[in-house]
Amino acid sequence: MNVIQLENVGKRYWLRHRAPDRQIAEMLNDGVRSLAGLFRGRLPQRHPSTREEFWALRDVSLQIRAGDVVGLLGRNGAGKSTLLKLISWIMAPTTGRVGVRGRLGCLLEVGTGFHHELTGRENIFLNGSILGMSRKEIRSKFDQIVDFAEVEAFLDTPVKHYSSGMFVRLAFSVAALLDPEILIVDEVLSVGDAAFQKKCHGVMRDAVARGCTCLMVSHNLPTIINLCQRAILLQKGQVTADGNPQDVAQEYLKTVRGSGGSIVWEDPQTAPGNDIARLKSVRVLQGKPAEAVGDVDISARTVIEVQYRCLHSLEELYCAIVLKDQMGTTVFMSSSAKPVSLTPDSWAGRPHPIGVYRSVCRLPENFLNEGRYSVTAIVGRGISEVQAIAEDAIAFDVHDTGEMRGLYFGQWPGVIRPKLAWQTDRADTMLYPDGV
C-alpha cells in the first residue's frame with residue numbers, strides 16, 4: 001500500500017530582480033529625494049524590477065510504500081527540502097497532487113513545530129497533540145522522550161533559552177519517539193556530537209523495525225546506504241535516479257560540479273558565501289608548473305588550492321577543506337586556522353584587508369589510495385563561524401602508477417595508502433641510540 005504518492009508535482013517561485021546595481025552615492029541621493037518628496041506629499045519613485053520564474057520542483061511523480069526507508073540525495077538547491085515540505089503539508093504544490101496516508105512526524109529544521117515561548121514540557125504535549133495523539137498516549141512516551149533528549153533539568157524552562165544542542169535533541173526525540181507512522185527527517189542525523197548521532201541511528205533503526213515509513217535527506221552517503229532500502233536522486237527539481245542506494249550514490253557523485261579538478265566562480269554575486277567572504281575558485285594541482293587536474297598520480301605531491309574574496313575589511317578568516325571518498329565517507333578535514341595547521345600560516349589569526357586570498361593544502365605523495373574523491377571548500381571567521389561553503393565543489397580521481405606495488409596486483413585496502421618507514425633487524429642486536 002502506498003502511503004505517500006506524488007503525481008506530477010511542481011513548485012514554482014517568482015524571483016524578483018532589481019535594475020542593474022547603482023552607485024552608493026546615487027542610491028543615497030535617491031533616498032534623500034524620496035524623503036523630501038514625502039514631505040511634499042509625493043510618493044517615492046519605484047525603480048523598475050523584473051520577475052523570473054523558478055521551478056524548485058517540476059513534474060515529480062513518486063510512490064512510497066508503507067514500511068519503506070527512502071533516502072533523498074542531491075546537491076544544495078536540488079529541491080530536496082522543498083519536496084519534504086510539500087509532503088509534510090507545510091506548503092502547497094503549484095501543480096500536481098500530493099497524497100499522504102498516516103500520522104506524520106517530521107523534523108525538517110531544528111525546532112520545527114516548537115513554540116519558543118513555551119517550555120520543553122509544554123512543547124512535547126503541543127507536538128503530540130499536533131500528531132493527533134491523546135494526552136494519555138503522550139504521557140506514556142513522556143519519560144522516554146525526556147531521557148533521550150537529556151533535558152530533564154531544563155524541562156520547565158522556555159525552549160528559547162536552550163542551547164542548539166539541547167534544542168535538536170528534544171526536537172528529534174519528539175519527532176521520532178511519539179510513534180509516527182511516517183517519519184520525515186532533513187539532515188538531523190548530521191547534527192550533534194558522535195554519541196547523539198549514534199542514539200539517533202538507533203532510534204531510526206527501531207522505527208524501521210516496527211514498520212515506520214522513513215523519508216530522510218542527508219549528504220552523508222554511508223547513512224543513506226546503511227539505513228535505506230531505496231534512494232532517490234534529485235537534480236534541478238527533477239528525479240534523475242531511483243533505486244538501490246549504492247547505485248544512486250554513485251550517480252550522485254557523478255553530479256559533482258567540477259569533475260575536471262577545478263571550479264571557478266567568476267561572478268562574486270553568485271559565488272558561495274555572504275557579505276563577509278565569498279569563494280572564488282577551488283582547484284586540485286599537480287606537476288611543474290602546477291596545473292589543475294582531474295586525474296592525480298598517486299606517487300606525486302598534490303595541492304588543493306582555495307581562492308576566496310574577503311569583502312569586509314579586517315575580518316580574521318581561515319580556510320578549510322573536507323575530503324570525502326567515493327562512498328561519501330569523510331577521509332579528513334584540514335584547516336589553515338591555528339593551531340590546526342601543521343605549518344605556520346602567515347594570515348592565520350590576522351585581520352584580512354579587503355582582497356582576494358589564496359590558501360593551499362599540500363598532500364604528500366603516496367598518501368591517498370586509488371579511487372575518486374570530492375573536496376568541500378569552507379571559508380570561516382574566528383574559530384568556527386562558516387561564511388562560505390561549497391559542498392563537494394570538485395572531484396578528482398587518484399590513479400596508481402604501480403611504483404609502490406612491486407609484484408602485488410590486487411586491490412589495496414583502506415582509504416589512505418601511506419608509504420611509511422619500516423626497518424627490520426635481529427631482535428638480539430637492535431638498539432635505538434637516537435630514540436624510537
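FYI, side chains are in, hydrogens and waters are out, and symmetry mates aren't considered; it's all heavy atoms of this structure. Only a predicted model underlies this, so the values are computations on that prediction, with no experimental measurement involved.
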Peer 1: Might you confirm whether atom NE2 of His161 has over 12 heavy atoms from other residues, nucleotides or ligands at distances under 6.0 Å?
Peer 2: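 Correct, the count exceeds 12.
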Peer 1: Counting only heavy atoms from other residues, nucleotides and ligands, does the tally under 6.0 Å from CZ of Phe154 exceed 12?
Peer 2: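 Atom CZ in Phe154 is not packed in, count stays at 12 or less.
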Peer 1: Please report the C-alpha distance between Leu368 and Phe396 in whole Å, then the side-chain angles of each, then the deciding distance to 0.1 Å, and finally whether the side-chain contact (heavy atoms from CB on, under 4.5 Å) criterion is met.
Peer 2: CA-CA 12 Å; Leu368 294 174; Phe396 62 95; 4.1 Å; yes
Peer 1: If we ignore angles and hydrogens, is there a donor and acceptor under 3.5 Å between the side chains of Glu365 and Ser299?
Peer 2: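 Note: Glu365 and Ser299 side chains miss the donor-acceptor criterion.
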Peer 1: In sequence, state the C-alpha distance, the side-chain angles, and the governing distance for Glu316 and Arg350, and then conclude on salt bridge (Lys or Arg N to Asp or Glu O under 4.0 Å).
Peer 2: CA-CA 5 Å; Glu316 293 186 11; Arg350 289 176 54 192; over 6 Å; no
Peer 1: Okay, side chain of Gln387, backbone of Asn274: is any donor-acceptor separation there less than 3.5 Å?
Peer 2: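 Looks like no, no N/O pair under 3.5 Å.
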Peer 1: What residue pairs, at least two apart or across chains, pass side-chain hydrogen bond (donor to acceptor under 3.5 Å, both in side chains) with a residue in residues 150-159?
Peer 2: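 Matches after skipping sequence neighbours: Arg121-Asp156, Glu150-Lys199.
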Peer 1: Decide, yes or no, whether a salt bridge links Glu53 with Arg12 under the criterion of side-chain N to carboxylate O below 4.0 Å.
Peer 2: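 Salt bridge flag = yes for Arg12 with Glu53.
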Peer 1: Of the non-hydrogen atoms in Glu181 and Gly102, which two are nearest, and what is the gap between them?
Peer 2: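 Where Glu181 meets Gly102 most closely, the heavy atoms are OE1-CA, 3.0 Å.
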Peer 1: Just do the side-chain contact (heavy atoms from CB on, under 4.5 Å) check on Phe367 and Ile298 with the steps written out, would you?
Peer 2: CA-CA 7 Å; Phe367 176 68; Ile298 202 169; over 6 Å; no
Peer 1: State, yes or no, whether a side-chain contact exists between Val9 and Leu86 at a heavy-atom distance under 4.5 Å.
Peer 2: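 Answer yes - side chains close enough.
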Peer 1: Heavy-atom distance under 4.5 Å between the side chains of Pro180 and Leu183, does that happen here?
Peer 2: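 Yes, side chains in contact.
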Peer 1: If you define the side chain from C-beta out and look only at heavy atoms, does anything of Met216 sit under 4.5 Å from Ile184?
Peer 2: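 Not in contact.
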Peer 1: Which atom names give the shortest non-hydrogen contact between Ile224 and Pro245, and what distance separates them?
Peer 2: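 Answer, listing the atom of Ile224 first, then Pro245: O-CB, 4.1 Å.
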Peer 1: Can you check whether Tyr373 reaches Gln326 side chain to side chain, under 4.5 Å on heavy atoms?
Peer 2: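 No, their side chains stay 4.5 Å or more apart.
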Peer 1: Distance-only, no hydrogens or angles: does the Lys280 side chain make a donor-acceptor pair with backbone N or O of Val356 under 3.5 Å?
Peer 2: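 No, the answer is negative, given that no donor and acceptor are paired below the 3.5 Å cut-off.
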Peer 1: What are the two closest non-hydrogen atoms of Ser262 and Ala292, and how far apart are they?
Peer 2: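 Looking at all heavy atoms of both residues, the shortest contact is CB-CB, 3.9 Å.
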Peer 1: Could you measure the distance from the CG atom of Leu234 to the CG atom of Leu73? Nearest 0.5 Å is fine.
Peer 2: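 If I round to the nearest 0.5 Å, the distance is 9.0 Å.
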Peer 1: May I have the step-by-step check of side-chain contact (heavy atoms from CB on, under 4.5 Å) for Val322 and Ile378, ending in yes or no?
Peer 2: CA-CA 8 Å; Val322 179; Ile378 300 169; 4.2 Å; yes
Peer 1: Just by distance, do the side chain of His352 and the backbone of Glu315 share a donor-acceptor pair under 3.5 Å?
Peer 2: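 Yes: the side chain of His352 pairs with the backbone of Glu315.
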Peer 1: Are any side-chain N or O atoms of Gln144 and backbone N or O atoms of Lys141, one a donor and one an acceptor, separated by less than 3.5 Å?
Peer 2: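 A pair under 3.5 Å: no.
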Peer 1: If I compare all heavy atoms of Gly237 with all of Val60, which pair ends up nearest, and what's the gap?
Peer 2: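 That closest heavy-atom pairing would be O-CG2, 3.5 Å.
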Peer 1: Just jot down the side-chain contact (heavy atoms from CB on, under 4.5 Å) partners of Thr270, sequence neighbours excluded, or say none.
Peer 2: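 side-chain contact (heavy atoms from CB on, under 4.5 Å) check on Thr270 returns Asp267.
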Peer 1: Under 4.5 Å between any side-chain heavy atoms of Val375 and Asp392, yes or no?
Peer 2: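 With C-beta onward as the side chain, the pair stays apart.
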Peer 1: Should the ring pair Tyr162 and Phe167 be called parallel, tilted or perpendicular, given that the plane angle runs from 0 to 90° and is split at 30 and 60?
Peer 2: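 Taking Phe167 first and then Tyr162, their aromatic rings stand perpendicular (interplane angle over 60°).
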Peer 1: Is it true that, when you exclude Arg101 itself, more than 12 heavy atoms of the residues, nucleotides or ligands shown sit nearer than 6.0 Å to its CZ?
Peer 2: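 Atom CZ in Arg101 is not packed in, count stays at 12 or less.
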Peer 1: Roughly how far apart are Leu285 CG and Ile304 CD1, rounded to 0.5 Å?
Peer 2: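 Interatomic distance, Leu285 CG to Ile304 CD1, rounded to 0.5 Å: 9.5 Å.
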Peer 1: Do Lys11's NZ or CZ and the ring of Tyr13 fall within the cation-pi criteria of under 6.0 Å and 45°?
Peer 2: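 Geometry flag: set, cation within 6.0 Å and 45°.
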Peer 1: For the pair Arg65 and Val3, evaluate side-chain contact (heavy atoms from CB on, under 4.5 Å) and give the outcome as yes or no after the intermediate values.
Peer 2: CA-CA 6 Å; Arg65 297 179 60 82; Val3 294; over 6 Å; no
Peer 1: Which heavy-atom pair separates Ala277 from Leu317 by the least distance, and what is that distance?
Peer 2: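 The answer is CB-CD1, 4.1 Å.
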Peer 1: Starting at CD of Gln269, measure out to CD of Glu266 and round the result to the nearest 0.5 Å.
Peer 2: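 So the gap between those two atoms works out to 14.0 Å.
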Peer 1: Going by side-chain contact (heavy atoms from CB on, under 4.5 Å), name the residues that satisfy it together with Gln5, two or more places apart in sequence or in a different chain.
Peer 2: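 Per chain and number, Gln5 pairs via side-chain contact (heavy atoms from CB on, under 4.5 Å) with Asn2, Glu7, Gln63.
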Peer 1: Provide the closest heavy-atom pair for Leu311 versus Asp275 in the form atom of the first, atom of the second, distance.
Peer 2: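 The answer is CB-O, 3.3 Å.
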Peer 1: Output yes when Lys324 and Glu391 qualify as a salt bridge under the 4.0 Å nitrogen-oxygen rule, no when they do not.
Peer 2: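 Looking at Lys324 and Glu391, the cut-off is met.
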Peer 1: Could you pull out all residues at least two apart from Ile354 that satisfy side-chain contact (heavy atoms from CB on, under 4.5 Å)?
Peer 2: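 Residues passing side-chain contact (heavy atoms from CB on, under 4.5 Å) with Ile354: Ser313.
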Peer 1: For the CG atom of Leu279 and the CD1 atom of Ile389, what is their distance to the nearest 0.5 Å?
Peer 2: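 Between atom CG of Leu279 and atom CD1 of Ile389 there are 9.0 Å.
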Peer 1: Are the side chains of Arg381 and Val386 in contact, using a 4.5 Å heavy-atom criterion?
Peer 2: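 No, too far: nothing below the 4.5 Å cut-off.
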Peer 1: Can you sort out the partners of Ile64 under side-chain contact (heavy atoms from CB on, under 4.5 Å), two or more places apart, ordered by chain and number?
Peer 2: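 By the side-chain contact (heavy atoms from CB on, under 4.5 Å) rule, Ile64 matches Ile4, Asp68, Val70, Thr213, Leu215, Arg230.
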Peer 1: Pick one: which of Asp59, Leu6, Leu83, Ile232 meets side-chain contact (heavy atoms from CB on, under 4.5 Å) with Val239?
Peer 2: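 The option that passes is Ile232.
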Peer 1: Please check this pair: side chain of Ser129 against backbone of Phe125, looking for a donor-acceptor N/O pair closer than 3.5 Å.
Peer 2: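 Yes; at least one donor-acceptor contact below 3.5 Å.
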Peer 1: Just verifying a value: how many Å separate Ser88 OG and Ile182 CD1, rounded to the nearest 0.5 Å?
Peer 2: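 So the OG of Ser88 and the CD1 of Ile182 are separated by 9.5 Å.
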Peer 1: Going by heavy atoms in the side chains, are Asn369 and Val415 under 4.5 Å from each other?
Peer 2: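 A side-chain contact is absent here, since even the closest heavy-atom pair is not under 4.5 Å.
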Peer 1: Any side-chain hydrogen bond (donor to acceptor under 3.5 Å, both in side chains) involving residues 353-363? Give me the pairs, sequence neighbours left out, ordered by first then second residue.
Peer 2: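 Residue pairs with at least one partner in residues 353-363: Glu305-Arg358.
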Peer 1: Any side-chain to backbone donor/acceptor pair from Ser61 onto Asn8? Under 3.5 Å, distance only.
Peer 2: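 Checked: pair present.
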Peer 1: Just wondering, do Thr376 and Ile321 contact through their side chains at under 4.5 Å, heavy atoms?
Peer 2: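 Counting from C-beta outward, Ile321 and Thr376 never come under 4.5 Å.
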Peer 1: When rounded to the nearest 0.5 angstrom, what is the spacing between OG1 in Thr119 and CD1 in Ile124?
Peer 2: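 CD1 of Ile124 is found 8.5 Å from OG1 of Thr119.
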